[in-house]
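Worksheet: the structure to be examined is printed underneath.
By convention in this document, chain letters (A, B, ...) are assigned in the order of the sequence lines, proteins followed by strands, and residues within each chain are numbered from 1.
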Amino acid sequence: MRWSQLFIPTLRETPAEAEVVSHQLLLRAGYIRQLAAGLYSYLYLSRRSLLKIERIIREEMDAIGAQEMFLPELHPAEVWRKSGRWDAIGHDMFRLQDRWGRELCLGMTEEEVMTSIAIGELRSYKQLPQIWYQIQAKFRDEPRPKSGLMRVRRFTMKDSYSFDIDAAALDISYKKHHAAYCRIFDRCGLRYIAVEAHSGAMGGSQSHEFAVPSDAGEDIVAICEGCGYAANLEKALSKHRQPTAPDQSADEPAEEFATPGKKTIAEVAEFDGAPETSHIKSLAMAADGKPYLILLRGDHSLNEAKLSSVIAAAEIRPAHPEEIRKWFGADAGSLGPVGLTDITILTDQALRDRGDLIAGANKNDHHLRHVTPGRDFETTFADLRAVAEGDTCVQCDTTLKLTKCIEVGHIFKLGYRYSESMGLRVLDPNGKEVAPIMGSYGIGLERILTASIEQNHDEAGMVLPATIAPFEVVVTPVNLKDDAQREAAEALYQSCRDRGIDVIFDDRKERAGVKFADAELIGIPYRITVGNKISDGIVELVTRSTRQSTDVRLEEAVERLAEVLANSAGADDSSASP
RNA sequence: CGGGGCGUAGCGCAGUCUGGUAGCGCACCUGCUUUGGGAGCAGGGGGCCGGGGGUUCGAAUCCCUCCGCCCCGACCA
């Protein structure tokens, strides 16, 4: 490709709307332009990168025997009603009607459509296992799109679905995906970790998330550097720190005392002199409108994902102030478990075997001391607490690190959620009708590009791995008016093409500084500079990441480049070199 | 949905408080010079100042209203 003929609208200044680095660089380097909130046009450069990412994914999916399909992005409401999700999903789904008033939606994911195909066709265990996938647009009406391509309303997802006869077979499909995902992210040159993840309210027994550590990320992952334990905070376990003060003997009866104007745990603790760890934090929640009281140690906070796996409800939210007054007879800040009759009380495990604690009295501006779970109120214990900074690993006692991450992939064991609700059945070897067990596996293509830019950039711009950069090398003649330079550059460009190297020829009538700056901004991993030294038959091979330049003989340059590409980050030994 | 910010040339911004002929830098076009790190000189093009309504002799500027974008939170398969 000749740069002079391409549309690569680089910007010298950073557009004001971009906050995170990847967003700034995608705009500045002319990869994308915004159409509306959460909707982006992918210009030539990002299209090239995303096609390369797509190709890597396709190769690795095909390598585990997955079969690619192409499905409609527009779905009839019927299939979503069948699975129950038409009503279960709220505003996240784009919904529309056709001219006859029939309801449709834009696909957020394809469990329903894939399962519909299976219902029509799969009859026997002999047809299993099946792994089907597609790489297509997904639509989600996000409440707050943000950070460029990080969270958008239309994105590209590779999503695959496995159908197996039993849990052991699903385990094999799941492991195949896990391995394929590792190869995909390796080839894309990402530094990532596979972490245990929350499978969501929609069920599923096991789930892993592929997380790229980055400050721009939206997920928090707890990582143990001692034993390698890693889990999304929604799911993570830890040992909490010991209470600051031991409990006193729990013989004394609960006793009310006034706490005028003290609402938060910190205020109450300061007032009564006992540490936060000797207080009970009481949170009023509404689950499908029904009241729940959640109890945590004063210094702990609630993990709502864990709560949602304990309470089976479609909607769980903090109770409104009016509800709190009606249910507890007091306002938030003075709530507690003692004396409640019609409210389910769930207590975090950290309060098990504790006693002599301080809790709200359900009377404004009053608390109770000497409160002991089990004695003063009935409750069920569960793991409800969010892992906090300073907690230690349950396996090895090392202090856990909490790290922000970008989620680039997620694999789930779905179980029978869709095969049962939608009525997928096959005959097993005994001629008995059984529901196949399913898995679903997603990768966000734009997230790979975004995460890669977040991980690989410097003050001059992107530093993309050769496997996903829009071009592998740029040939840059310093002065086009110099015949020797122009002819040598032209020859280099041709021989790169002949060798199958993805090359761009910067034949623009620009000064060298402009060409260098643009090439560095858009992140082309290698550059061959043709300058004055051509009179001695010498050109320069420059590595973007290190900015190191090596003089090489003109006739050896392409060979050297090919070697370097074969060894560069993300390239695998056999197939990746072009 | 709550809080905050912003909307003036393709991009970055000034002008708004205190109403009086719409500006600067970059980018763009033409010419000449220059050619190893975002060149210089000269000339030039480009604006419903987000939309609508109002106040006024006069509105980018004041008032009302709507829309859009960004950030924080809520939310989130």
Side-chain angles (χ1 to χ4, degrees), chain A residues 7 9-20 23-24 27-30 33-40 80 83 85 88-93 107-112 138-148 150-153 155 157 159 197-204 207 209 216 218-219 232 234-235 304-305 308-309 314-318 320 407 409-412 414 417-418 440-442 444 459-461 476-482 485-486 489 506 508-521 527 529-534 538-540 542 547 549 551:
Chain A
F7 178 59
T10 56
L11 303 175
R12 210 154 168 171
E13 287 174 286
T14 302
E17 78 255 20
E19 199 93 347
V20 301
H23 188 196
Q24 293 175 346
L27 288 169
R28 275 194 62 206
R33 287 295 182 261
Q34 184 177 43
L35 185 61
L39 296 175
Y40 286 88
W80 288 80
S83 73
R85 294 165 93 196
I89 292 173
H91 295 296
D92 275 9
M93 184 187 271
M108 310 172 67
T109 171
E110 301 285 336
E111 278 84 359
E112 279 79 0
K138 298 288 176 290
F139 299 87
R140 296 183 187 182
D141 195 358
E142 292 285 346
R144 182 146 94 85
K146 58 178 286 205
S147 304
M150 188 87 76
R151 178 165 292 274
V152 288
R153 295 194 291 173
F155 61 101
M157 186 186 232
D159 44 324
H198 182 70
S199 23
M202 285 305 189
S207 155
E209 181 178 308
E218 301 181 302
D219 284 12
N232 190 297
E234 292 183 338
K235 158 108 182 179
E304 291 196 31
S308 72
S309 26
E315 184 212 39
I316 300 177
R317 56 167 171 81
H320 299 143
E407 177 188 4
H410 204 151
I411 58 178
F412 297 85
L414 287 173
R417 163 85 180 77
Y418 296 90
S440 87
Y441 317 86
E459 65 291 342
T476 308
V478 166
N479 184 354
L480 272 178
K481 287 192 178 155
D482 181 308
Q485 288 184 29
R486 194 185 64 248
D506 195 350
R508 294 177 298 167
K509 294 177 177 57
E510 292 285 353
R511 295 165 67 88
V514 172
K515 296 186 183 184
F516 295 158
D518 273 343
E520 285 164 4
L521 178 60
R527 183 176 85 210
T529 306
V530 184
N532 290 331
K533 296 178 200 160
I534 197 64
I538 298 290
V539 298
E540 293 153 43
V542 184
R547 284 169 145 172
S549 174
D551 287 355

Can you name the atoms? Protein N/O to nucleotides 29-34 of chain B N/O, anything below 3.5 Å, with the distance.
from	atom 1	to	atom 2	distance (Å)
B/rU34	O2	A/Arg511	NH1	2.9

Specify the separation, in whole Å, of atom [atom1] of [X] and atom [atom2] of [N].
X	N	atom1	atom2	answer
A/Leu521	B/rG37	CG	P	18 Å
A/Lys509	B/rA39	NZ	C1'	17 Å
A/Ile538	B/rG36	CD1	C1'	16 Å
A/Arg33	B/rG10	CZ	P	13 Å
A/Leu11	B/rG12	CG	C1'	10 Å
A/Glu510	B/rG40	CD	P	13 Å
A/Arg153	B/rC69	CZ	P	7 Å
A/Met108	B/rC76	CE	C1'	9 Å

Can you check whether [X] reaches [Y] side chain to side chain, under 4.5 Å on heavy atoms?
X	Y	value
A/Thr529	A/Val542	yes
A/Pro145	A/Val152	no
A/Ser440	A/His410	no
A/Thr109	A/Arg140	yes
A/Leu480	A/Gln485	no
A/His91	A/Asp141	no
A/Leu27	A/Arg33	yes

> Which residue, A/Arg28 or A/Asn479, contacts RNA chain B at a nucleotide closer to its 5' end, judged by nearest heavy atom?
Replying inline: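 It is A/Asn479, whose closest nucleotide lies nearer the 5' terminus.
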>> Here's a test of your reading of the structure: between A/Pro15 and A/Thr109, which maps to the more 5' nucleotide of RNA chain B?
In response: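 So the residue in question is A/Pro15.
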> How far apart are the closest heavy atoms of A/Ala216 and A/Met150, and which atoms are they?
Replying inline: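 Shortest heavy-atom contact: O-CE, 3.2 Å.
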>> Testing the basics here: between A/Lys533 and A/Asp551, what is the closest heavy-atom pair and its distance to 0.1 Å?
In response: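 Smallest interatomic distance, heavy atoms only, reads NZ-OD1, 3.1 Å.
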For [N] and [M], measure between their [atom1] atoms and round to the nearest Å.
N	M	atom1	value
B/rG54	B/rC41	P	49 Å
B/rG12	B/rC48	C1'	23 Å
B/rC67	B/rC75	C1'	24 Å
B/rC17	B/rG2	P	30 Å
B/rU55	B/rG73	C1'	38 Å
B/rA59	B/rG52	C1'	15 Å
B/rG45	B/rC24	P	13 Å
B/rG68	B/rG51	P	15 Å

> Any donor-acceptor pair under 3.5 Å linking the side chain of A/Lys515 with the backbone of A/Asp506?
Replying inline: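 Indeed, once roles are kept as given, a pair shorter than 3.5 Å links the two residues.
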> Would you find a donor on one side and an acceptor on the other, under 3.5 Å apart, between the side chain of A/Arg486 and the backbone of A/Pro477?
Replying inline: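 Here the side-chain-to-backbone pair does not exist.
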Protein-nucleotides 24-26 of chain B N/O pairs closer than 3.5 Å?
from	atom 1	to	atom 2	distance (Å)
B/rG25	N2	A/Glu13	OE1	2.9
B/rC26	O3'	A/Arg12	NH1	3.3

Any strand: nucleotide that pairs with [N] via Watson-Crick or wobble, under 3.5 Å:
N	value
B/rG68	B/rC6
B/rC24	B/rG12
B/rC1	B/rG73
B/rG31	B/rC41
B/rC49	none
B/rU55	none

>> When you measure only distances, ignoring hydrogens and angles, does the side chain of A/Arg317 come within 3.5 Å of the base of B/rC75 through a donor and an acceptor?
In response: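 Between B/rC75 and A/Arg317, which were checked side chain against base, a qualifying N/O pair under 3.5 Å is absent.
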> Does a salt bridge link A/Glu520 with A/Arg547, judged by any charged N lying under 4.0 Å from a carboxylate O?
Replying inline: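 Here A/Glu520 pairs with A/Arg547 in a salt bridge, since their nearest N and O are under 4.0 Å apart.
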Protein N or O to nucleotides 70-74 of chain B N or O, pairs below 3.5 Å:
from	atom 1	to	atom 2	distance (Å)
B/rC70	OP1	A/Gln34	NE2	2.9
B/rC71	OP1	A/Ser147	N	3.3
B/rC72	OP2	A/Arg144	NH1	2.9
B/rC72	OP2	A/Arg144	NH2	2.7

Describe the nucleic acid contact of [X] in one word from base, sugar-phosphate, nothing, applying a heavy-atom distance below 4.0 Å.
X	value
A/Arg508	nothing
A/Glu540	base
A/Glu209	nothing
A/Asp518	base
A/Thr14	sugar-phosphate

> Does the side chain of A/Ser83 pick up a donor-acceptor pair with the side chain of A/Glu111 at under 3.5 Å?
Replying inline: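 The criterion, which ignores hydrogens and geometry beyond distance, is not satisfied for A/Glu111 and A/Ser83.
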> Do A/Arg527 and A/Phe516 meet the cation-pi criteria used here (NZ or CZ under 6.0 Å from the six-membered ring centre, within 45° of the axis)?
Replying inline: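 Geometry flag: set, cation within 6.0 Å and 45°.
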